[in-house]
There are 2 protein chains.
Amino acid sequence: MTVSRVLRNRGDVSEATRTRVLEAARRLGYVPNKIAGALASQRVNLVGVIIPSLSNMVFPEVLSGISETLEDTGLQPVVGVSNYQGDREEQVIYEMLSWRPSGLIIAGLEHSEASRAMLAQAGVPVVEIMDIDGEPVDSAVGISHRRAGRKMAEAIVAAGYRRIAFLGTHMPTNDHRARKRLEGFEEALAGFGLSVVDREFYSGGSALAKGREMTETILKRTPDIDFLYYSNDMIGAGGLLYCLEQGLDVPGKIGLAGFNGVELLDGLPRRLATMDACRLETGRAAAEIIAGKRATGVVGGEVVEFEPKLQPGDTIRKA
Amino acid sequence: MTVSRVLRNRGDVSEATRTRVLEAARRLGYVPNKIAGALASQRVNLVGVIIPSLSNMVFPEVLSGISETLEDTGLQPVVGVSNYQGDREEQVIYEMLSWRPSGLIIAGLEHSEASRAMLAQAGVPVVEIMDIDGEPVDSAVGISHRRAGRKMAEAIVAAGYRRIAFLGTHMPTNDHRARKRLEGFEEALAGFGLSVVDREFYSGGSALAKGREMTETILKRTPDIDFLYYSNDMIGAGGLLYCLEQGLDVPGKIGLAGFNGVELLDGLPRRLATMDACRLETGRAAAEIIAGKRATGVVGGEVVEFEPKLQPGDTIRKA
DNA sequence: CCGGCTTGTGTTATCGCTAACATCGGTTAA
DNA sequence: TTAACCGATGTTAGCGATAACACAAGCCGG
């Protein structure tokens with residue numbers, strides 16, 4: 001018992017015994033068993049974080065925000081990956097909850113019914129991140145992708161482009177956020193009496209190379225396009241490289257924009273127009289909710305919306 | 001007890017009770033408490049994976065190999081990030097071990113003394129990955145960075161380049177692998193009576209942009225350089241873009257090479273020469289060791305070396 | 001000098017599961 | 001017929017920590 005007290009800095013222990021205990025612990029290489037500790041205390045310092053993928057860069061970045069904020073709370077993130085698959089997500093949620101974490105952060109608002117039931121039953125704070133267009137189980141933090149799409153459409157139209165095309169991932173792939181962005185985009189275009197003149201989709205492979213290919217394809221098919229809206233920056237960058245190589249007048253004759261604002265791409269010949277998704281802030285805010293750091297009067301779910309910022313870069317005409 | 005048996009598919013349970021139990025479990029939203037289970041059974045289906053960073057892309061890729069292989073073993077990876085800091089690594093190791101995982105996978109062979117002691121004492125398989133130039137605590141899987149550096153030097157010299165420069169991260173940053181690569185590189189050059197004619201380092205910021213800047217700087221300082229060896233593909237790509245913009249004759253007058261073989265960059269105007277670090281294979285092999293899938297007679301530490309493959313791309317002269 | 005307080009340490013009973021063994025009706029083999 | 005055996009289920013005793021309380025010694029003020 002005294003050992004337990006020393007190792008947790010809890011309760012009064014005389015300086016003499018304290019050092020004796022620490023010395024012995026070091027000598028024996030003693031590592032306390034958190035499993036037993038957690039069982040006894042009914043407290044677990046873990047926060048489950050469930051994301052669809054690690055190879056998208058977007059998610060690691062959110063993770064950074066989370067772990068940064070969690071660092072000085074004694075909580076530790078534990079990452080699970082769902083591979084964009086609903087059933088996999090269900091398993092991961094189940095697995096995580098079976099370790100009775102202090103909270104759960106999960107990407108997206110769309111989950112299977114069983115998943116939603118588990119989250120609702122969990123008895124710990126649940127924060128759904130990176131999207132707020134929908135009904136959260138508990139709390140939600142992120143941007144409105146519908147609004148991001150709308151905003152981009154407005155900027156494009158304001159800059160005078162009219163023959164606008166969309167390039168993105170195959171939608172059935174469960175990328176709800178990209179879908180919502182496109183919906184908002186088309187909605188806003190419709191408001192101007194416009195619509196997307198052509199579209200092209202891809203799946204798998206290197207995004208940069210795919211962006212290049214898709215751009216070539218779509219421009220050959222519909223040569224009078226004057227704007228290319230990409231569903232992410234990587235394919236946008238591929239498209240940009242292609243356009244520059246072809247000697248197209250960017251942004252004069254043709255404009256381009258992506259989405260996400262990945263820092264990775266600074267250093268391209270031109271800065272691609274994009275929209276920051278506030279990933280770091282999202283991660284931080286989500287972690288704060290779990291850690292109970294947010295001074296809010298609200299008991300239950302809280303929705304934190306960030307404002308996606310347009311970064312015009314060099315690939316969209318100045319108004 | 002019967003419930004426990006049903007939920008773990010262990011022992012004989014009649015079909016009737018089995019369905020009754022499952023039905024009740026679903027109705028109640030029962031999620032078994034793995035903490036208690038682990039404590040009782042002294043078994044934990046978690047594998048700790050400790051990497052320096054998530055933003056380097058290299059590490060997520062290794063992770064993919066790991067989780068892919070672990071998927072059908074009932075084991076689950078748990079990721080910890082050390083931020084390239086020895087003391088942080090120590091904490092993460094301690095934290096992980098206190099959950100008594102089934103194994104530990106950790107990047108690199110260089111750890112603090114305390115860390116090595118903990119790993120040695122852990123009583124579970126420990127696999128150090130991505131480097132084999134050194135003395136592993138238990139098992140090791142990866143490539144020899146010294147040898148990778150040597151091989152690249154040989155290829156460069158064989159292609160006829162002589163005024164060779166190196167560009168990389170600031171070394172004190174604990175990037176032992178980059179350091180070893182450079183050492184092997186210089187060693188091999190020395191064998192040909194050559195040495196690195198200039199070098200340039202960076203830290204922080206967008207790698208693509210930094211690669212561009214560094215390349216400009218070094219070429220202005222030492223204009224007769226005919227080969228640029230970058231310590232990673234991202235800065236190499238930045239350099240490549242710069243060279244192409246300047247209208248330099250690549251690979252005729254000047255050659256470039258990076259390291260890692262990141263798929264991300266397919267789609268650049270030219271393919272950068274690079275060397276594949278076998279990240280996926282490394283992840284897989286490490287996971288296999290932990291899962292005990294490798295049929296080896298050896299009891300203790302096993303060292304698996306992969307052979308880095310040169311991908312000449314379009315930025316190095318054909319011999 | 002005693003009750004009450006503080007301080008440091010020890011005891012006991014959980015926490016929710018599983019290993020290991022016990023039990024019991026019903027076969028099966030000798 | 002009887003023992004051995006089997007499949008299905010129940011019982012008991014931990015796993016290694018912590019919460020909550022018990023206890024002993026020293027100190028204080030009235």
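Below, chain A is the first sequence line, B the second, and so on; all start at residue 1.
Between the P atom of D/dA25 and the CG atom of A/D12 lies a distance of 19 Å, rounded to the nearest Å. Atom CG of B/N33 and atom P of C/dT18 are 9 Å apart (whole Å). What separates CZ of B/R5 from P of D/dG7 is a distance of 13 Å, to the nearest Å. For the pair B/E15 CD and D/dA8 P, the interatomic distance rounds to 10 Å; values are reported in whole Å. Rounded to an integer number of Å, the gap from CZ of B/R18 to C1' of D/dT9 is 14 Å. Regarding B/R10, its CZ atom lies at a distance of 12 Å from the P atom of C/dA20, rounded to whole Å.
Of all non-hydrogen atoms in B/V31 and A/L97, the two that sit nearest each other are CG1-C, 4.1 Å.
Note that the CG atom of A/L22 and the CZ atom of A/R27 stand 12.0 Å from one another [nearest 0.5 Å]. Note that the CZ atom of B/R18 and the CG atom of B/N9 stand 5.0 Å from one another [nearest 0.5 Å].
Residue A/T17 has its side chain nearest to C/dT9 when only C/dG16, D/dA20, C/dT9 are considered. In this structure, the nucleotide among C/dT7, C/dT18, D/dA8 sitting nearest to the side chain of B/R8 is C/dT18. Side-chain proximity of A/Y30 to C/dG8, D/dA17, D/dT9: nearest is D/dA17.
Put simply, the side chain of B/D133 gets close to the backbone of B/R146: a donor and an acceptor are under 3.5 Å apart. Side chain of A/N45 to main chain of A/Q76: no donor-acceptor pair is present (N/O by atom type, distance under 3.5 Å, no hydrogens or angles).
In this structure, a donor-acceptor pair under 3.5 Å is present between the side chains of B/R8 and B/S4. Checking A/R181 against A/N232 by side-chain atom types alone, no donor-acceptor pair falls below 3.5 Å. Checking B/H111 against B/E90 by side-chain atom types alone, no donor-acceptor pair falls below 3.5 Å.
Residues from residues 93-101 of chain B with heavy atoms under 4.0 angstrom of DNA chain C: there are none. Of all the residues in residues 38-48 of chain A, A/L39, A/A40, A/Q42 reach under 4.0 Å from DNA chain C with at least one non-hydrogen atom.
At C/dG10, one or more side-chain N or O atoms of A/T2 fall inside 4.0 Å of OP1 or OP2 (strictly under the cut-off). Here B/S14 does not reach the OP1 or OP2 of D/dG7: none of its side-chain N or O atoms lies under 4.0 Å away.
Residues A/W99 and A/V78 form no side-chain contact, since every pair of their non-hydrogen atoms from C-beta on lies 4.5 Å or further apart.
When each of B/A36 and B/M1 is assigned the nucleotide of DNA chain D with its nearest heavy atom, B/M1 is the one assigned upstream, toward the 5' end.
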